[in-house]
Amino acid sequence: MAYNFDTLKIRAGYDPLQHNHAVSVPIYQTVAFEMGSTERADALFAFELEDPLYTRVSNPTVQVLEKRVAALHGVESAVAVASGMAAISYTALALAAQGGRILTSPRLYGGAVDGFPSILAELGVKYDMIENPDDSNEFERNIKDDTKAIYIETISNPLATVLDFEAIADIAHKHGIPLVVDNTAATPYLFNPFEHGADIVVYSATKALCGHGNVIAGLILEKGTFDYGSGKFPLFEKKLWFLRDRNDNPRSILESFPKTPVTGKIRAVHLNYLGAALSPFDAYLILLGIETLSERVSKQVSSALKIVEYLDNNEHVNSVSYPYAKNSKYKALADKYLPNGAGGLFSFEFNGTEEQKRKFIEAVNIFGYQANIGDAKSLIVNPAQTTHGELTYEQRDITGLTLSTIRLSIGLEDPQDLIDDLDQAFEKAFK
Ligand SMILES: *Cc1c(COP(=O)(O)O)cnc(C)c1O
């Protein structure tokens, strides 16, 4: 029977009967797993079994997280890694190492904007960033012969914009390349990118999946229908000795993981040799967070709407960037793609001097001044000078970020208390 989202988030991927009837998912705090017989060892080393062997590559607690998140998206495969940045860089390396290109929107997490030209470029991944992702055709115009993927974010950070996913997915598929979506800000509760054409989805599980601001973690999910055997992805077809079968025949990634080659490769190669493994304890904390995902995110959405309305009518605010703010041009796309709401992350343009803005940020009492989002605690930040400080002035202009932009991530406190907190901070800043 196919269960609905809220049942899967509590139950999927775990059977107590297979774990000494333990009700709560056990934390398998162990490095290695007994191989038992030499025959079983042969099978494990020939990648014939899913059973864990060594915690850098797989672990039962981490596997429950992977299975649960895959079930929430209705897909075949997920790999958990030690951070969102590891999820992004492993995905980029798996698809485009040795000179491939990734085509991206400029509205990306600051670490991704900076990671592409710096370390990923050194590792042979080139990238192209279009200027105006609201025009989906701009993606098409910038696809080159060696472009291996389009990479976008669902709800962009910090300006909460929404793209036309299905149009962009169609363009990617027309050119034989996969669409990769960073779905961190939306979470699977608000948006399942696989239902709208995505082939690979990455998360910083650090944010709303965890929800409590205490774990760094990442996830990579794969739908398992994209054809990597077209000749465009030769690295997936190259025979590798370490993937040999029992008769010592080297195998390619596609032969070893025919249904899900990207996550297969990330586990067998990137996790194995670059090593950003998620700890079992951290996987356990993310599982706890996911149990309340819908409840948390739906409250954050309803509080965000109230706070957006308050800011929209505030003389010290020039504009609010949120799909349901006054004059937003993203409302229709949000209505289409985000029927459960547009999340708890948004920004506004402060209408005052630099000094007044700084006073305002320092005057809030409830909001934390931190580089994080999706927490149970509400957060405030001046992104151009902090979280998005890596952007060049030109990139900042392209993304629409200014020195007056203030980003809020709405938590689970009482929304009226949050509005009162902002109100008293405006009063102090403009006194
Ligand atoms: C935070 C974040 C990341 C990076 O995740 P870490 O877990 O901090 O490495 C990537 N993408 C988005 C959208 C994020 O918000």
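Just so you know, ligand 1 is whichever comes first in the structure, and atom 1 is the first atom listed for that ligand. These numbers come from a predicted model, not from an experiment.
- The cationic atom of K207 (NZ for Lys, CZ for Arg) lies less than 6.0 Å from the six-membered ring centre of Y109 and within 45° of the ring axis.
- Geometrically, K148 engages F233 in a cation-pi contact defined by less than 6.0 Å to the ring centre and at most 45° from the axis.
- Legend: residues meeting side chain to side chain contact (heavy atoms under 4.5 Å, CB included) with A167, ordered by chain and number and at least two apart, are S136, D164.
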Distances for all N or O pairs of ligand 1 and the protein under 3.5 Å?
unit_1, atom_1, unit_2, atom_2, d
ligand 1, 5 (O), S204, OG, 2.9
ligand 1, 7 (O), G84, N, 2.8
ligand 1, 7 (O), S204, OG, 2.8
ligand 1, 7 (O), T206, OG1, 2.5
ligand 1, 9 (O), G84, N, 3.1
ligand 1, 9 (O), M85, N, 2.9
ligand 1, 11 (N), D182, OD2, 2.7
ligand 1, 15 (O), K207, NZ, 2.7

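- No cation-pi contact links K67 to Y14, judged by a cut-off of 6.0 Å to the six-membered ring centre and 45° from its axis.
- A donor-acceptor pair under 3.5 Å links the side-chain atoms of T61 to the main chain of P26, judged by distance alone.
- A centroid separation of 6.0 Å or more is found between the aromatic rings of Y54 and F33.
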